[in-house]
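So the structure is just underneath, and the comments pick up after that.
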Amino acid sequence: MDNGVKTTPSNFIRDIIEEDIRSNKNGGQVVTRFPPEPNGYLHIGHAKSICLNFGLARQYGGRCHLRMDDTNPEKETVEYTDSIINDVRWLGFDWGEHLYYASDYFEQIYQWGVLLIGKGVAYVCDMSPDEVSATRGTPTAPGTESPGRKRSVEENLYLFSRMRAGEYPDGSRTLRARIDMSSPNMHLRDPVLYRIKRAEHHRTGNAWCIYPMYDFAHGQSDYIEGITHSICTLEFEVHRPLYDWFLDKIAEAGRVRPRQIEFARLNLSYTVMSKRKLLELVESGSVRGWDDPRMPTISGLRRRGYTPEAIRDFADRIGVAKADNMVDVALLEHCLREDLNRRAPRVMAVLNPLKVVIENYPEGATEELEAINNPEDESMGKRKVPFARVVYIEKDDFREDPPPKYFRLAPGREARLKFAYYITCTGVVKDDKGEIVEIRCVYDPTTRGGWSNDGRKVKGTLHWISAEDAIEAEVRLYDHLFTVPEPENTKDGTDYRTFINPDSLKVLTRCLVESSVKGAKPGSRFQFERLGYFCVDPDSRRGAPVFNRTVMLRDTWAKIEKSAR
RNA sequence: UGAGGUGUGGCCAAGUGGUACGGCAACGGGUUUUGGUCCCGUGACCCCAGGUUCGAAUCCUGGCACCUCAGCCA
């Protein structure tokens with residue numbers, strides 16, 4: 001597995017698996033699963049789990065299942081199911097024939113309910129939700145037993161079948177495990193196994209009016225599928241004794257018995273990760289939808305221009321452990337830049353255009369200059385870009401009164417137009433309000449291509465676009481969704497919504513992009529020279545392209561300027 | 001004050017008794033027709049206190065801090 005290519009650091013789960021293989025547990029097999037509930041869109045935190053589960057299976061020659069944990073019809077939809085399937089596939093993983101639904105196991109799970117009743121370890125409870133809650137006790141005080149606990153096996157069997165038959169109203173009864181109402185582990189205080197809920201299930205329709213709880217469905221689903229390593233997040237650690245308790249009751253000798261292993265979920269700075277909060281952002285209109293490019297959802301990242309490769313690399317680099325963490329979003333952005341730097345074709349685009357008239361360039365003349373598509377990859381070739389008397393440069397690349405260390409264009413200074421010529425600023429044209437509307441320059445015809453061998457030092461190199469070649473575009477600039485690194489974790493408990501960044505989206509219109517990008521399909525990625533990586537948004541229309549800024553290039557000048565203040 | 005977990009540089013994270021890998025960030029410097037990329041350099045006595053040992057981040061004891069659990073959610 002590691003032939004000097006690229007190895008990811010070890011982690012405790014790999015240690016466990018390797019030990020299991022060494023001892024030939026489960027015949028040395030490794031079967032994992034990614035088990036989302038289809039009640040929302042997948043986010044970067046899920047990506048960590050997906051990469052972990054599918055990665056482990058791939059690494060140890062096993063397989064990984066994709067299983068919808070759809071035991072609560074009230075919150076689940078096919079829209080979510082479809083988006084999950086799409087997102088996992090987009091990330092680059094393949095489950096082959098192993099797409100499963102917990103709802104496919106409802107009959108089997110029901111039969112296990114009957115089995116537990118038969119063993120005298122499950123009973124029908126008549127208490128209301130409030131009563132169940134009131135009798136559960138607290139972490140430091142034991143709960144009290146339900147009257148249903150004393151029922152006979154026969155009566156429980158009868159009542160459970162009536163529950164399934166729809167004889168009782170929603171919430172009036174439950175099937176509970178008979179474990180220990182005074183257990184220090186709250187999850188062992190006679191947990192509910194089945195509840196009555198007349199809701200149409202997106203797959204089973206109205207076939208059922210009782211649905212199993214997570215605890216009574218998850219481990220069993222793992223067992224049915226022959227999962228060897230059931231990997232989940234830390235909050236389920238206290239559920240593990242219950243997971244094992246059920247397995248003790250139903251597992252047959254000789255079959256694979258899954259083991260639950262917990263790891264710490266991902267937290268990312270400047271964003272929120274819970275499905276509830278992401279849903280709130282969508283429903284409150286704080287963002288335009290689940291796939292808003294500011295969202296940490298897979299669909300949002302995809303629309304933003306992230307590549308699956310960058311996300312997978314990120315997942316590898318953050319590692320897997322049990323300590324709570326807060327990963328710097330800068331690492332995610334780094335992974336993205338590294339990937340895009342290698343593969344994104346370069347193109348010239350001017351976001352805030354400033355007109356430049358080259359006084360000594362013949363009026364009406366035009367010529368084609370050669371531009372390199374990607375200095376990191378010669379095979380991406382070259383292209384021709386037209387040059388003319390009137391070009392546009394970035395407003396920020398000219399200063400009438402340049403600060404120290406600024407080496408772009410300024411009155412009397414010479415700078416290079418990349419791939420074109422050296423130009424020297426000879427004058428500034430302003431409007432009535434004193435705003436610079438145009439600058440005048442002269443070019444040096446001997447510097448064609450942007451080079452002279454007379455030893456002249458021209459430090460500044462600018463991107464530009466000729467007036468005739470420019471096509472207009474809308475460009476959407478994104479910033480972090482929140483203004484603070486940990487919106488969910490502030491010392492005074494301020495609501496995370498307080499920190500929503502009002503400037504997370506800035507829309508620029510009438511930006512100028514070179515015509516070579518005309519017709520690029522939504523999702524196409526480019527580097528706009530010196531600015532950053534951008535991709536075509538699906539909102540684009542013929543003749544009206546829209547670009548999303550995926551991520552900026554590192555900007556040392558911005559840093560210098562900032563620290564100077 | 002119950003149970004289950006976790007504590008290694010600003011952020012992740014290796015290390016499993018032999019004298020602290022790596023990545024990101026930050027800060028210097030070099031190369032450069034992107035102030036990009038690339039290259040070089042700079043940082044920890046491992047939560048605290050005792051103990052065992054020739055030797056401890058790793059073992060023992062006692063503290064402290066933080067996270068999870070009282071849904072008929074997952």
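Numbers restart at 1 for each chain; the letters A, B, ... are given by sequence-line order, proteins then strands.
Residues A/Tyr306 and A/Tyr533 keep their aromatic ring centres 6.0 Å or farther apart. Ring centroid separation for the pair A/Tyr214 and A/His218 comes in under the 6.0 Å cut-off. Between A/Tyr422 and A/Tyr443, the ring centre distance reaches or exceeds 6.0 Å. Between A/Phe419 and A/Phe387, the ring centre distance reaches or exceeds 6.0 Å. For A/Trp557 and A/Tyr406, the ring centers sit closer than 6.0 Å to each other.
B/G10 and B/U6: their P atoms are spaced 23 Å apart (whole Å). Across the P atoms, B/A14 and B/C21 are found 15 Å apart, a figure rounded to whole Å. Only the P atoms considered, B/A49 is 16 Å distant from B/A65, to the nearest whole Å. Taking atom C1' in both B/G9 and B/G23, one finds a spacing of 13 Å when rounded to whole Å. Going from the C1' atom of B/C64 to that of B/G41 covers 38 Å, rounded to whole Å. With C1' as the reference atom, B/C24 and B/C66 are 24 Å apart, rounded to whole Å. B/A20 and B/A25 have their P atoms separated by 26 Å, with the value rounded to a whole Å. Separating the P atom of B/A13 from that of B/C47 is a span of 14 Å, rounded to the nearest Å.
Counted by atom type alone, A/Tyr243 and A/Asp222 present one or more donor-acceptor pairs between their side chains at under 3.5 Å. Side-chain atoms of A/Thr550 and A/Arg525 form no donor-acceptor pair, as typed in the model, at a separation below 3.5 Å. Checked by atom type, the side-chain pair A/Lys275/A/Asn39 shows a donor-acceptor distance below 3.5 Å.
Atoms NE2 (A/His201) and P (B/C73) sit 14 Å apart, rounded to a whole Å. Rounded to a whole Å, the CZ atom of A/Arg240 is 13 Å from the C1' atom of B/U68. For the pair A/Met326 CE and B/A13 C1', the interatomic distance rounds to 16 Å; values are reported in whole Å. Distance CD1 (A/Ile560) to P (B/A26): 13 Å, rounded to an integer number of Å. We find that NE2 of A/His463 is positioned 13 Å from P of B/U34, with the value rounded to whole Å. Between the NE2 atom of A/His334 and the P atom of B/C11 there is a distance of 19 Å, given to the nearest Å. Computed from coordinates, the A/Tyr243 OH to B/A74 C1' distance equals 15 Å when rounded to whole Å.
When both pairing distances are held under 3.5 Å, B/A14 makes no Watson-Crick or G-U pair with any nucleotide shown. Pairing of B/C73, defined by two Watson-Crick or G-U wobble distances under 3.5 Å, is not identified with any nucleotide. Across all strands shown, B/U42 forms a Watson-Crick or G-U wobble pair with B/A26, both key distances being under 3.5 Å. Shown here, B/U37 forms no base pair; nothing in the strands shown gives a Watson-Crick or G-U wobble contact with both key distances under 3.5 Å. Of all nucleotides present, only B/G7 satisfies the Watson-Crick or G-U wobble test against B/C64, with each distance under 3.5 Å.
Toward the 5′ end of RNA chain B lies the nearest nucleotide of A/Ile318, the other residue of the pair A/Ile318 and A/Gly460 mapping further downstream. Of the two residues near RNA chain B, A/Asp324 and A/Arg554, the one whose nearest nucleotide lies more 5' is A/Arg554.
Of the charged side-chain nitrogens involved, at least one lies within less than 4.0 Å of a carboxylate oxygen, so that A/Glu280 and A/Arg276 count as a salt-bridged pair.
Distance from the side chain of A/Asn11 is smallest for B/A14 among the nucleotides B/G5, B/G2, B/A14. With distances taken from any side-chain atom of A/Arg346 to the nucleotides B/A3, B/C12, B/U34, the minimum falls on B/U34. Closest to the A/Ala321 side chain, of the nucleotides B/U37, B/A13, B/G35, is B/A13. If you check B/C73, B/G71, B/A3 against the side chain of A/Asn72, the one that comes closest is B/C73. Nearest to the side-chain atoms of A/Met213 among the listed nucleotides B/A74, B/G4, B/U6 stands B/A74. When the nucleotides B/G35, B/G23, B/A74 are ranked by their closest atom to the side chain of A/Thr71, B/A74 comes out on top. The side chain of A/Lys75 has B/C73 as its nearest neighbour among B/C73, B/A3, B/U37. Nearest nucleotide to the A/Arg317 side chain, out of B/C69, B/C24, B/U34: B/C24. Among the nucleotides B/C72, B/U68, B/U34, the one closest to any side-chain atom of A/Glu235 is B/U68. With distances taken from any side-chain atom of A/Ser10 to the nucleotides B/A74, B/G15, B/U34, the minimum falls on B/G15.
Contact annotation: A/Arg195 side-chain N/O to B/A74 OP1/OP2 distance is under 4.0 Å. Between A/Lys275 and B/C73 there is no side-chain polar atom (N or O) within less than 4.0 angstrom of OP1 or OP2. The phosphate of B/C72 (OP1 or OP2) has no side-chain N or O of A/Arg173 nearer than 4.0 angstrom. For the OP1/OP2 pair of B/C72 and a distance below 4.0 Å, the side-chain nitrogens and oxygens of A/Arg136 include at least one atom meeting the criterion. Between A/Lys559 and B/C27 there is a side-chain N or O to OP1 or OP2 distance below 4.0 Å. For A/Ser269 and B/C11, the shortest distance from a side-chain N or O to OP1 or OP2 is not below 4.0 Å.
Residue contacts for A/Lys322: at a heavy-atom cut-off of 4.0 Å it reaches the sugar-phosphate backbone alone, with no base atom in range. Contacts of A/Pro241 with the nucleic acid, taken as non-hydrogen atoms under 4.0 Å apart, are absent. Residue A/Asp215 is out of contact with every strand shown, counting any heavy-atom pair closer than 4.0 Å. Residue contacts shown for A/Gln527 include a base, since a base heavy atom lies under 4.0 Å away. Using a 4.0 Å heavy-atom criterion, one finds that A/Tyr406 contacts the bases of the nucleic acid, with or without backbone contacts as well. Residue contacts for A/Glu529: at a heavy-atom cut-off of 4.0 Å it reaches a base atom on one of the strands shown. Using a 4.0 Å heavy-atom cutoff across all strands shown, A/Thr138 reaches at least one base atom of the nucleic acid. Among the atoms of the strands shown, base atoms are found under 4.0 Å from some heavy atom of A/Phe236. Within 4.0 Å (heavy atoms only), A/Val320 reaches sugar-phosphate atoms of the nucleic acid but no base atom. Across all strands, A/Thr140 comes closer than 4.0 Å to base atoms (heavy-atom distances).
Using the six-membered ring where Trp is involved, A/His201 and A/Tyr211 have ring planes that are parallel, under 30° apart on the 30 and 60° scheme.
Between the side chain of A/His239 and the base of B/A74 there is at least one donor-acceptor pair of N/O atoms closer than 3.5 Å. The base of B/U37 is not paired with the side chain of A/Glu338 by any donor and acceptor separated by under 3.5 Å. A donor N or O paired with an acceptor N or O is found under 3.5 Å between the base of B/G36 and the side-chain atoms of A/Glu376.
A stacking contact links A/Trp557 to B/G35: the aromatic ring centre lies within less than 5.5 Å of the base's six-membered ring centre, and the planes differ by less than 30°.
Regarding the sugar-base torsion, B/G71 falls in the syn class, its angle being within 90° of 0.
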